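The block underneath contains the structure these notes are about, expressed in structure tokens.
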There are 2 protein chains.
Amino acid sequence: METARTGPTHAAQRDTDVETPPRPPHNARAAGEQAARTPGQRAGLTREAVLATAHELLTERGLDGLSMRELARRLGVAPNAIYSHVAGKTALVDDLLDEVLAAVETPDAETNDPTSGLTRIMTSTYRVLLDHPDLVPLYLARQGARGPNAQALGEVMFAQLAQAGITGSAAHEARRVLIVYTIGFAALATPTASDASDDRPLSSAELFGNFTAGLAWLLNGIMSDA
Amino acid sequence: METARTGPTHAAQRDTDVETPPRPPHNARAAGEQAARTPGQRAGLTREAVLATAHELLTERGLDGLSMRELARRLGVAPNAIYSHVAGKTALVDDLLDEVLAAVETPDAETNDPTSGLTRIMTSTYRVLLDHPDLVPLYLARQGARGPNAQALGEVMFAQLAQAGITGSAAHEARRVLIVYTIGFAALATPTASDASDDRPLSSAELFGNFTAGLAWLLNGIMSDA
DNA sequence: CAGCTATATTGGACAGCGTACAGTTAACGA
DNA sequence: TCGTTAACTGTACGCTGTCCAATATAGCTG
């Protein structure tokens, strides 16, 4: 796959004689093209493009498929170029994780039924997580996301719990239980690994019912504590 | 993928360990010594030694600290030598995970209170997991263990559920919920990452109460379904 | 418009990883 | 005693994340 260089002309690196190559006017990042750029030239990379392509690569090729080098290849860029836009691979993944959480639907702040509000948050989170199966193990390995979206979600949950009269450490407990349960369930529902552990794979509908049942039990317990 | 083909590497599946044959008593594994061995000489490595050192290395230096090369270094052996005893790194970790589960305490088969029986299993699992914090993310990433110990545990859970009149797909659901909840909770209870997400770290006692509360809610719901 | 500075990008490199291949030798059964 | 088998080493390949110095471009200042 590599060494597509074979270029008729300059395979030389430090050559440097005039010979200005045709400069791409609007550039636009090439999909599969190899970068024919000399050191100083811009590629028009943006942080958003990096994140988007990384996300795409991750959901497409899995966690092991996400490497800085492959990412750079897709962006038509040298691997190091990425480091001008993200601090490193772990930072990249962190941002990715938080980005996904933006899609979680939260109830209106005025909803006066905390149980249904929390159900909505958690089921939406569950669905969002299932939309990105390859991210789920990462949430787990990192014990949840820590970015602004994650933080905001946590606040909404607190608000709902407060409406149910649950505050302080009890609220922390309840929130933790709900988060753990939801992420964990998404993890087990995710069919990445050879999940033929013991029986036929459950359908996603079955799993979802499964999830909501357990969620209802938890919420029931939480509310009855208040 | 590990393939692990090539005739010689057979690595003996775990089962029934026959008696340990005479080992080179001196030698043993050198702590910091450098291997002064020429190609054909034996190092007295055993599968158990490999697993034990790997376990030690993992809990000591974390997941990123566990590398075949560092493991070999500790064993006083060339990296490839390990492949005579385990099929590859992933197999090694799989065995590690299952090994730990052997410590989970299960109720007597005759216990006639499924709720307390399941509580016992899950709390014991929780404690065992917390004893090996650095393994927990691995359980999650792999969605639980799949070795014989894990399988046996699953069977015991089924037996308890059956005593409560829960069988078939309902039993599968319930078991999945319980496993997810337990592993997930252990994950969030594990303080590996900078867990200063929002508030002071809960004490382990708080977390344990937290865990048992949610567990009780789940079991309550499960049993009320039967 | 010229000049300066900040920075996006490249080639190259480093250290480390998992593991395959091909030898060399010790242990073991015949 | 010999032949086979398994453990072990040396070496090497292709991969990884990331740093460094050089370079050309973009944007700002004048």
Side-chain angles (χ1 to χ4, degrees), chain A residues 1-3 5 7 10-21 23-25 27 29 34-47 49-50 54 61 63-73 75-93, chain B residues 1-12 18 20-24 27 29-30 34-47 49-50 54 57 61 63-73 75-93:
Chain A
M1 263 342 177
E2 62 277 23
T3 62
R5 120 177 15 262
H10 45 45
Q13 42 259 52
R14 52 188 347 209
D15 77 304
T16 109
D17 260 29
V18 249
E19 206 255 308
T20 337
R23 56 194 310 115
N27 191 342
R29 70 185 173 82
Q34 209 59 337
R37 250 184 313 268
T38 59
Q41 301 183 330
R42 304 280 157 117
L45 215 52
T46 62
R47 179 189 162 80
V50 170
R61 308 258 307 259
L63 177 52
D64 293 345
L66 174 61
S67 75
M68 299 300 269
R69 290 179 135 93
E70 174 62 22
L71 178 54
R73 220 167 283 137
L75 291 164
V77 148
N80 329 350
I82 301 175
Y83 287 81
S84 295
H85 301 269
V86 296
K89 190 182 184 182
T90 60
L92 197 171
V93 175
Chain B
M1 300 323 203
E2 48 238 286
T3 59
R5 264 255 16 108
T6 73
T9 5
H10 141 261
V18 266
T20 47
R23 298 265 149 247
N27 194 345
R29 69 184 171 84
Q34 206 62 333
R37 249 183 313 267
T38 59
Q41 302 183 329
R42 306 279 159 120
L45 216 52
T46 62
R47 180 187 160 82
V50 170
L57 179 55
R61 308 256 310 256
L63 177 51
D64 292 344
L66 174 60
S67 75
M68 299 301 269
R69 289 178 134 94
E70 175 62 24
L71 178 55
R73 220 166 284 137
L75 290 163
V77 151
N80 328 351
I82 300 174
Y83 288 80
S84 295
H85 298 94
V86 296
K89 190 183 181 180
T90 60
L92 196 171
V93 175

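First the proteins, then the strands, lettered A, B, ... as listed; each starts at 1. Just so it is clear, the model here is predicted, and its values are computed rather than measured. Only this structure's heavy atoms are used, side chains among them; waters, hydrogens and symmetry mates stay out.
Put simply, A:Ser67 has a side-chain N or O that comes within less than 4.0 Å of OP1 or OP2 on D:dT16. Contact annotation: A:His85 side-chain N/O to C:dT7 OP1/OP2 distance is not under 4.0 Å. Between B:Arg47 and the phosphate of D:dA6, there is no side-chain N or O to OP1/OP2 separation shorter than 4.0 Å.
Comparing B:Gln41 and A:Gly88 along DNA chain D, the residue whose closest nucleotide (by nearest heavy atom) sits nearer the 5' end is B:Gln41. Between B:Leu66 and A:Ala81, the one whose closest nucleotide on DNA chain C sits nearer the 5' end is A:Ala81. Checking B:Gly40 against B:Gly65, the closest nucleotide of DNA chain C that is more toward the 5' end is the one next to B:Gly65.
Rounding to whole angstrom units, CD of residue B:Glu70 and P of C:dA15 are separated by 17 Å. Atom CG of A:Leu45 is separated from atom C1' of C:dT10 by 13 Å (rounded to the nearest Å). Separating the CG atom of B:Leu63 from the C1' atom of C:dG18 is a distance of 14 Å, rounded to the nearest angstrom. The nearest whole Å value for the distance from the CG atom in A:Leu75 to the P atom in C:dT9 is 10 Å. Atoms CE (A:Met68) and C1' (C:dC14) sit 17 Å apart, rounded to a whole Å. At whole-Å resolution of the value, CZ in A:Arg37 and P in C:dT10 are 5 Å apart. In this structure, B:Asp64 atom CG and C:dG18 atom C1' are separated by 15 Å, rounded to whole Å. For B:Asn80 and D:dA12, the CG to C1' distance is 10 Å, given to the nearest whole Å.
In terms of modelled atom types and a separation under 3.5 Å, the side chain of B:Arg37 and the main chain of B:Ala78 share no donor-acceptor contact.
Side-chain contact check for B:Leu92 versus B:His85: every heavy-atom pair is 4.5 Å or farther apart. Within the 4.5 Å cutoff, side-chain heavy atoms of B:Val86 are placed close to those of B:Arg47.
When heavy atoms are screened at a 4.0 angstrom cut-off, B:Thr38 is found touching the sugar-phosphate backbone but no base atom.
Contact of A:Arg42 with D:dA24 (side chain to base): no donor-acceptor pair of N or O atoms is detected under 3.5 Å.
Of the candidates D:dG10, D:dT18, C:dC17, the closest approach to any side-chain atom of A:Arg69 belongs to D:dT18. Set against C:dT19, D:dC8, D:dA24, the side chain of B:Pro79 has C:dT19 as its closest nucleotide.
Of all heavy-atom pairs between B:Leu71 and B:Val50, the closest is CD1-O, 4.1 Å.
Here A:Ser84 contributes atom OG and A:Arg42 contributes atom CZ; the two are 9.0 Å apart, rounded to the nearest 0.5 Å.
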